[in-house]
Amino acid sequence: MNMQTSTPDVKVVNPNAFPLLYCMLLNSPCAVEGWEPGTPLAFTQLDQPNGGDAAILYIKGRDPVLIRLVTDILPEDWQALPDHRMTAGSDVDAAVVCDVLGTDRTVSVRLERVTAIHKCLGPVERLTGRSA
C-alpha cells in the first residue's frame, strides 16, 4: 500500500460500501514483523481504530495507505463533524496523525480528504489459525 497519486485508469471505490469485515493482500513491505508482501490482512469497519492501531487509510484520489495511528481519531462520528472542523464555528481543521507503515514518515491528513479509516486486525492466519 503506497502513497502514489491515482491515475486515470485506477477504479474509484467506496470503502464504506465494503463488507464490515474484509481482507486485502499487502502489496509492499510495511515494517511490521511477519507482515510480508502477499500477507492477507483482515480489516473491519466495526471497531474504530485508536492511537497505536494499524489501519488502512482511504484518501480521496489516492491509493489506500497502511498506517499506524499516532493519536486517537477524534469523535467516533468524525465524518459528521461540521465542515470537518474540530467544533462548530472553529477555524481548526480536524486531522488524523499517523505513521505510514513501511516508511519513516509521520503525516497529518485533514479529515476532509479522508473517505474512510478501517482498523487492521492483522494477518488472517493469526485470526483463524489458517492462511487465506
Side-chain angles (χ1 to χ4, degrees):
M1 311 206 181
N2 54 42
M3 290 285 290
Q4 297 175 354
T5 58
S6 289
T7 56
D9 61 338
V10 172
K11 290 183 181 178
V12 176
V13 297
N14 176 1
N16 294 312
F18 288 2
L20 296 178
L21 180 66
Y22 63 96
C23 177
M24 292 178 72
L25 295 178
L26 183 62
N27 67 1
S28 63
C30 77
V32 175
E33 187 175 333
W35 294 16
E36 303 299 327
T39 300
L41 298 176
F43 296 91
T44 183
Q45 297 187 59
L46 296 173
D47 295 324
Q48 176 160 321
N50 294 308
D53 288 340
I56 189 164
L57 177 66
Y58 294 93
I59 301 171
K60 296 172 188 167
R62 298 206 177 233
D63 291 335
V65 181
L66 191 60
I67 61 165
R68 182 168 317 280
L69 290 169
V70 172
T71 59
D72 288 344
I73 298 173
L74 294 168
E76 194 162 318
D77 60 345
W78 62 269
Q79 290 176 315
L81 288 173
D83 299 321
H84 296 98
R85 302 294 181 170
M86 292 292 289
T87 58
S90 171
D91 290 334
V92 179
D93 289 329
V96 61
V97 179
C98 55
D99 294 327
V100 178
L101 294 178
T103 73
D104 58 359
R105 294 185 299 181
T106 299
V107 297
S108 174
V109 180
R110 290 189 327 264
L111 287 181
E112 70 183 15
R113 298 186 57 223
V114 174
T115 304
I117 305 171
H118 297 162
K119 185 175 183 173
C120 181
L121 300 175
V124 170
E125 185 173 358
R126 189 184 84 203
L127 299 173
T128 64
R130 57 191 169 151
S131 55

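We number each residue from 1, following the sequence as shown.
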*Asks:* Do any pairs count as a salt bridge (Lys or Arg N to Asp or Glu O under 4.0 Å) and have a residue in residues 47-57, sequence neighbours left out, and if so which ones?
*Replies:*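 Counting only pairs at least two positions apart or across chains, the salt bridge (Lys or Arg N to Asp or Glu O under 4.0 Å) contacts touching residues 47-57 are D53-K119.
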*Asks:* Would you say the side chain of W35 lies within less than 4.5 Å of the side chain of P123, judging by non-hydrogen atoms?
*Replies:*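 Yes; the side chains approach each other to less than 4.5 Å.
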*Asks:* Could you tell me whether the side chain of L21 reaches within less than 4.5 Å of the side chain of L121, counting heavy atoms only?
*Replies:*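 Side-chain contact under 4.5 Å: yes.
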*Asks:* I'd like to check the side chain to side chain donor-acceptor pair (under 3.5 Å) partners of S108; sequence neighbours left out, ordered by chain and number.
*Replies:*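 Per chain and number, S108 pairs via side chain to side chain donor-acceptor pair (under 3.5 Å) with no residue.
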*Asks:* Do I67 and I56 have side chains that get closer than 4.5 Å, going by heavy atoms?
*Replies:*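 No, too far: nothing below the 4.5 Å cut-off.
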*Asks:* Please determine whether side chain to side chain contact (heavy atoms under 4.5 Å, CB included) holds for the pair T106 and C98, giving the CA-CA distance in whole Å, both sets of side-chain angles, and the decisive distance to 0.1 Å.
*Replies:* CA-CA 6 Å; T106 299; C98 55; over 6 Å; no
*Asks:* If you take all heavy atoms of P49 and I117, which pair is closest and at what distance?
*Replies:*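 Looking at all heavy atoms of both residues, the shortest contact is CG-CG2, 3.7 Å.
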*Asks:* Would you confirm whether T44, through its side chain, and L20, through its main-chain N or O, come within 3.5 Å as a donor-acceptor pair?
*Replies:*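 Confirmed, T44 side chain pairs with L20 backbone.
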*Asks:* Any side-chain heavy-atom pair from N50 and L69 closer than 4.5 angstrom?
*Replies:*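 No; the side chains remain at least 4.5 Å from each other.
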*Asks:* Pairing donors with acceptors under 3.5 angstrom, does anything connect the side chains of Y22 and H118?
*Replies:*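 Y22 vs H118: donor-acceptor pair found between side chains.
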*Asks:* Would you say the side chain of V109 lies within less than 4.5 Å of the side chain of V107, judging by non-hydrogen atoms?
*Replies:*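 They are in side-chain contact.
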*Asks:* State, with a plain yes or no, whether a side-chain heavy atom of P40 is found less than 4.5 Å away from one of C23.
*Replies:*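 Yes, side chains in contact.
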*Asks:* Check whether V97 and I59 end up in the same hydrophobic cluster, where Ile, Leu, Val, Met, Phe, Trp and Tyr are linked by side-chain heavy atoms less than 4.5 Å apart.
*Replies:*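 Each belongs to a different hydrophobic cluster.
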*Asks:* Between L41 and M24, is there a side-chain heavy-atom distance shorter than 4.5 Å?
*Replies:*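 M24 does not reach L41 side chain to side chain.
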*Asks:* Please name all residues satisfying side-chain contact (heavy atoms from CB on, under 4.5 Å) with E36, sequence neighbours left out, ordered by chain then number.
*Replies:*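 Listed in chain order: T39.
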